[in-house]
Amino acid sequence: MTNPESREVRSALLRWYASRKRDLPWRRTSDPYAIWVSEVMLQQTTVSAVIPYYERWLDAFPDIRTLARSPLQKVLRAWQGLGYYARARNMHRAAKEIVRRFGGRLPVEAEALRALPGFGPYTTAALLSIAAGRPIPVIDANVRRVMMRLLEIRGGADSRTEAEIRTALETLISRRAPGRFNQAMMELGALVCRARNPRCLSCPVRGECRACRLGIQEVIPAPRKTTVTKQEAVVAVIRDGGRVLIQKRPPAGLLAGLWEFPGGKREPGESLRAALAREVREELGVELAAARPLVMVKHAYTRFLVTLHAFDGRLSKKDLGRLRKQTDRSRRRWVSLSALRRYPLPSGSVKIAEYLQDVDFSPVFP
DNA sequence: AAGACGGGGAC
DNA sequence: GTCCCAGTCTT
């Protein structure tokens, strides 16, 4: 069996890309900053999810200087619902550094770029090839899958195969149009050489693909094993007049820096109400006087499925007064439902907030 | 080398 | 339900 012929693959791929590529917003610009934004948003995130965020982001933060001087809160709010919030924090940090050290312009040296927060191997290569025409191959999930099939590299899509793929790509990449080549590889992976149900009959390089010739394209790369666990969490919506109590999550870890209603996970064997009372006691230092079920919301993360049970929580007048006084505004705030829209919330909390808006939230307590 | 880190969409 | 996605950072 012969190995793929580089010249053949390269030219067929670029021809295919020229005629079949999607018309995407970030393909209409040559602004390195806009390219950067798109590359970061597209990490582990589908094109359709990114498009509206990309447009809104560039409206809100049209250039690096604007991004650098915007408050983190506003930056996170623009990212709300996209996930992996470290990406937004890192872009914000990188923007500040680019203003300070490079006069607000993205550097085009690999070392300088790679040292910026959020610039790993992929993003660095993408920027250098697409925005600066440097012949550096990108390796993302698409490229990895395409190359594993093309070269018949069996096994899972892990870092062990990285070196072999990189070596092959050094030969394969177009020196004339490295940015287009890289995007063509990713586009092929997204539209044709898909993880499931690849459309090999429509593939421009099927004649050079070892996996296709052997009919094993469906099992390369090998599917990975996953276990999804279920969790239940309780949430207390505590009201003071027209305002509700929210608190800020810690600066590191899951959903870092986002705001949410007080609450937490239910322990094994614990009732929902007991969990609610415990969380309120632990987090706010007050006793819940009463709780009325409000709404149940399911939210799926990658490795676990959370059911959020939101309660209308009521405190005694004394506790409410105490809480109102001792509230530390950097961590805990009373906000109206309309002001809540300015705070970055996890998607599960957004669902609860939307419910509160919809029912014109007004507890039935006497 | 392995795990943490979100969310939505395809099937 | 399951699997995956234009990855990066930390341990």
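Chain letters run A, B, ... following the sequence lines, proteins first, then strands; residues in each count from 1. Computed from a prediction, not measured in an experiment: that's the story for all the values here.
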Exercise for the section: Could you check if a side-chain atom of A:Ile220 sits within less than 4.5 angstrom of a side-chain atom of A:Ile153, using non-hydrogen atoms only? Expected result: no

Handout entry: pair A:Trp36-A:Ile98: side-chain heavy atoms closer than 4.5 Å
Key =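 Yes, side chains in contact.
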
Practice task
For A:Trp259, enumerate each residue passing the ring-ring contact (aromatic ring centres under 6.0 Å, His included) test, keeping only those at least two apart in sequence or located in another chain.
Solution key: A:Tyr343

Describe the nucleic acid contact of [X] in one word from base, sugar-phosphate, nothing, applying a heavy-atom distance below 4.0 Å.
X	result
A:Leu82	base
A:Gly189	nothing
A:Arg89	nothing
A:Trp26	base

Exercise for the section: Consider only side-chain N and O atoms of A:Ser202 and A:Arg20, and report whether a donor and an acceptor are under 3.5 Å apart. Expected result: no

Practice task
Kindly indicate whether the side chain of A:Thr45 and the base of B:dG7 share any N or O donor-acceptor pair separated by less than 3.5 Å?
Solution key: no

Handout entry: Base of B:dG6 paired with side chain of A:Tyr84 (donor-acceptor, under 3.5 Å)
Key = yes

Problem - Given C:dA6, B:dG8, B:dG6, the nucleotide with the shortest approach to the side chain of A:Leu24 - result: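 The closest nucleotide is C:dA6.
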
Exercise for the section: Give the nucleotide from the list B:dG7, C:dA6, C:dG7 with an atom nearest to the side chain of A:Gln43. Expected result: C:dG7

Handout entry: SB check A:Glu208 A:Arg213 (cutoff 4.0 Å)
Key = no

Exercise for the section: Tell me whether the OP1 or OP2 atom of B:dG6 has a side-chain N or O from A:His299 closer than 4.0 Å. Expected result: no

Using atom types as modelled, flag every donor-acceptor pair under 3.5 Å from a side chain in residues 109-121 of chain A to any protein atom, sequence neighbours excluded.
residue, atom, partner, partner atom, Å
A:Arg114, NH1, A:Phe119, O, 2.9

What protein N or O atoms touch nucleotides 9-11 of chain B N or O atoms at under 3.5 angstrom, if any, and at what distances?
none

